[in-house]
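Everything on this sheet refers to the single structure shown next.
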There are 2 protein chains.
Amino acid sequence: MRARRATINDVADAAGLSRGTVSRVVNGEKYVSAEARTAVEAAIAQVGYVRNTAARNLVTQESRAIGLIIHEPHSLLFEDPNIGSILLGANEALSKADYQLVTLIIDSDRDSHRVADHLRGGLIDGAVIVSARASDPIAAAVADIGLPAAFVGHPDGTPDLPYAAIDNVEAARAITSRLLGTGRRRVGMIASALDRDSGQDRLAGFRAAMGERYDPRLVVEYPLYTYAAGFEGMQKLLRRDPSIDGVFAASDAVAAGAMTALQEAGRRVPEDVGIVGFDDSSWALRCRPQLSTVRQPAGLLGTTAAELVLAQLMGLPSSPRVLETVVMWRGSA
Amino acid sequence: MRARRATINDVADAAGLSRGTVSRVVNGEKYVSAEARTAVEAAIAQVGYVRNTAARNLVTQESRAIGLIIHEPHSLLFEDPNIGSILLGANEALSKADYQLVTLIIDSDRDSHRVADHLRGGLIDGAVIVSARASDPIAAAVADIGLPAAFVGHPDGTPDLPYAAIDNVEAARAITSRLLGTGRRRVGMIASALDRDSGQDRLAGFRAAMGERYDPRLVVEYPLYTYAAGFEGMQKLLRRDPSIDGVFAASDAVAAGAMTALQEAGRRVPEDVGIVGFDDSSWALRCRPQLSTVRQPAGLLGTTAAELVLAQLMGLPSSPRVLETVVMWRGSA
DNA sequence: GCGGTTTCTGGGAGCGTTCACAGAGCGTTC
DNA sequence: GAACGCTCTGTGAACGCTCCCAGAAACCGC
């Protein structure tokens with residue numbers, strides 16, 4: 001059993017002053033004499049006082065903490081370097097504003113409910129929601145209690161909340177066009193994560209760029225943005241059409257898997273088959289040849305979403321923000 | 001401005017019952033009549049009541065939340081898949097015990113202090129600390145207030161707290177011996193993260209296995225477990241001694257970088273140079289040839305550390321736990 | 001010396017809960 | 001029908017803090 005923690009009253013007694021004065025010192029307010037201040041500081045050190053945040057939150061009705069909710073299947077937390085960047089980006093913005101970032105991960109239905117309770121309970125002043133699916137109960141909980149929040153990405157069917165996102169359709173269209181510009185005749189796609197806006201939009205962009213040349217037989221689909229999906233998907237495409245000479249992979253991890261499959265099948269990249277990815281994550285520079293891909297500003301997405309939440313907290317209007325992407329052209333196509 | 005949230009008193013009024021009865025219903029206690037229960041439930045739905053957790057925490061003196069503190073430099077959060085596994089492992093154990101996992105990341109000195117305040121403030125009942133360095137102010141804060149805690153890994157110089165770890169010295173010794181067993185004559189090491197116990201211990205294990213054959217000129221050091229460190233380190237080793245025929249890389253990411261450097265230099269793996277890594281992370285299976293490495297049970301480390309904290313919370317004794325590692329022998333050596 | 005302003009301190013009230021206790025109602029037992 | 005136990009409900013007190021108001025003390029200008 002831990003010893004009882006010292007309270008503000010213990011400090012007041014030790015300093016021979018009142019609760020109110022101690023509170024003023026702790027919060028750095030005006031109207032405290034120099035001698036009272038030093039007496040209180042000495043007393044704090046003496047009794048080992050640390051302020052009880054729960055009590056403080058109760059009366060101030062705020063927690064100065066923002067939740068970042070990650071709802072990803074197991075594997076993605078390892079494979080997708082974007083999540084880490086988003087996390088750090090958000091942390092940076094919140095840290096500057098002196099808010100604590102609290103990351104909550106959802107890995108089961110049980111988690112889902114507990115996290116919803118956590119949000120509702122007032123332990124958090126706002127939330128950044130990463131990779132929610134349309135059916136997400138968290139999005140509902142947030143809307144339910146009117147918690148200031150913002151999405152990273154923009155799943156449809158979710159409540160009318162601000163978001164920070166990129167234009168996946170346009171970016172996918174742009175890089176596919178570029179790939180076509182290298183003279184490829186049979187171009188396929190390894191699509192992934194069609195249960196999410198990003199997956200759907202990248203496929204739509206591919207389709208738009210292909211126009212007449214679009215051939216559904218050259219599109220394979222996988223549930224997750226993984227290396228394994230790319231590896232298997234490429235093998236399947238090669239079987240379906242050995243003359244394939246270009247591939248758009250839905251993410252860099254997928255592209256890396258596809259590249260390995262191609263090289264094992266004896267195809268040269270980019271001479272025989274050109275390949276492009278999406279994200280410009282750390283995968284891109286690790287491939288040989290290095291990957292041509294779309295740079296997605298993951299850190300900035302996190303920062304921007306955090307700022308959208310902070311704006312709401314300050315009563316400012318906050319509207320969706322679409323960030324720029326850039327095609328990074330390297331050796332793989 | 002958000003509308004005032006409904007309190008337990010609003011529910012009591014709406015139901016025509018007292019605070020106490022409402023509290024009993026909300027907490028699922030005995031001694032509530034069926035009709036009172038339904039009346040309260042209707043009233044809760046009517047006024048949209050959700051319990052204020054800060055108030056509850058204040059009186060119960062617990063939060064049912066456990067912090068997981070990650071203190072990593074930027075790059076590692078992306079490159080090191082272990083962190084994700086540890087996170088999910090810890091979440092699983094805590095989820096079962098109906099505790100909320102709250103991840104706090106430290107990315108600057110400013111964060112460091114805010115996180116320490118968060119711990120001290122009573123918002124958390126315990127903490128799992130990942131990859132602390134000896135100088136970590138968090139470790140001090142934890143010891144300071146006697147918060148139940150456990151480390152993943154075991155930095156020395158830290159307070160006398162329980163930990164979940166692997167025996168890095170023994171594991172490094174084992175895989176180096178195995179590498180030597182394939183008949184290699186000039187074996188080097190790309191060491192990393194010597195500011196941490198894992199980095200130091202892996203080097204010590206290598207040294208132990210090499211015995212007489214240990215040559216400090218064949219050891220290069222890098223600050224972080226990264227792909228880039230492996231790439232550069234291997235190039236440096238090749239320059240120092242072109243006859244090198246074996247390498248122990250301090251992690252799989254490092255090994256992957258080293259393998260790329262070797263292949264670009266025209267060396268065959270494993271024929272010309274054998275290479276072994278550490279972690280058995282997702283990197284290992286992606287390399288061609290696949291990596292021989294030490295399997296580290298990252299998820300289990302997280303689970304175990306979480307259980308150590310839970311045990312302390314229940315007043316049970318909890319002592320350090322060292323988990324088993326296994327050498328995974330594949331194609332790279 | 002007096003009214004007015006500024007600086008500083010103390011303490012009551014209240015934040016939204018849970019907890020412990022008192023007491024009412026009812027059925028069972030001797 | 002008194003004594004006992006069980007079920008159910010209401011209420012005061014407490015958790016540790018901030019906020020606000022009242023009032024004391026100090027300083028100012030005329």
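Every chain is numbered from 1 and lettered A, B, ... according to where its sequence line falls, protein lines coming before strand lines. What's counted below: heavy atoms across the whole structure, side chains too, no hydrogens, waters or symmetry copies.
- Listed by residue number, the members of residues 52-66 of chain A with any heavy atom below 4.0 angstrom from DNA chain C are A:Leu58, A:Val59, A:Gln61.
- Going from atom CZ of A:Arg24 over to atom P of D:dC17 covers 15 Å, rounded to whole Å.
- Considering CG of B:Leu68 and CG of B:Asn91, their distance stands at 9.5 Å, rounded to 0.5 Å.
- Interatomic distance, A:Arg56 CZ to B:Leu58 CG, rounded to the nearest 0.5 Å: 14.0 Å.
- Note that CG of B:Leu310 is 10.5 Å distant from OG1 of B:Thr303, once rounded to the nearest 0.5 Å.
- A:Lys30 has its NZ atom 13 Å from the C1' atom of C:dT5, to the nearest Å.
- For the pair B:Glu29 CD and C:dC19 C1', the computed distance is 9 Å after rounding to whole Å.
- If you check the side chains of A:Asn57 and A:Ser63, you find no donor sitting under 3.5 Å from an acceptor.
- Nucleic acid contact for B:Arg51: sugar-phosphate only, since backbone atoms but no base atoms lie under 4.0 Å from a heavy atom of the residue.
- Atom CD of A:Glu35 has 12 or fewer neighbouring heavy atoms from other residues, nucleotides or ligands inside a 6.0 Å radius.
- Heavy-atom distances to DNA chain D give each of B:Val32 and A:Ser23 a nearest nucleotide, and the one nearer the 5′ end belongs to B:Val32.
- Every stem involving DNA chain C, taken as at least 3 paired positions in a row under the Watson-Crick or G-U wobble test at 3.5 Å, is listed here: C:1-30 with D:1-30.
- The closest donor-acceptor contact from the side chain of B:Asn27 to the backbone of B:Arg24 lies at 3.5 Å or more, if one exists at all.
- The base of C:dT18 is paired with the side chain of B:Arg19 by a donor and an acceptor separated by under 3.5 Å.
- In this structure, A:Val130 and A:Leu87 have side chains that are not in contact, with every pair of non-hydrogen atoms separated by 4.5 Å or more.
- Atoms CZ (B:Arg120) and C1' (D:dG16) sit 18 Å apart, rounded to a whole Å.
- Of the residues in residues 33-43 of chain A, those with a non-hydrogen atom less than 4.0 angstrom from any atom of DNA chain C are A:Ser33, A:Ala36.
- Side-chain contact check for A:Asn52 and B:Arg120: no donor-acceptor pair (N or O, by modelled atom type) lies under 3.5 Å.
- Residues A:Ile166 and A:Pro297 are in side-chain contact: their nearest non-hydrogen atoms beyond the backbone lie under 4.5 Å apart.
- At the phosphate of D:dC19, neither OP1 nor OP2 sits under 4.0 Å from any side-chain N or O atom of A:Tyr31.
- Summarising the geometry, the separation between CG on B:Asn9 and P on C:dC15 is reported as 9 Å, rounded to the nearest angstrom.
- A side-chain donor-acceptor contact under 3.5 Å links A:Asp125 to the backbone of A:Arg64.
- At the phosphate of C:dG16, neither OP1 nor OP2 sits under 4.0 Å from any side-chain N or O atom of B:Thr7.
- Counting heavy atoms from C-beta outward, B:Ile105 and A:Leu88 have side chains that approach closer than 4.5 Å.
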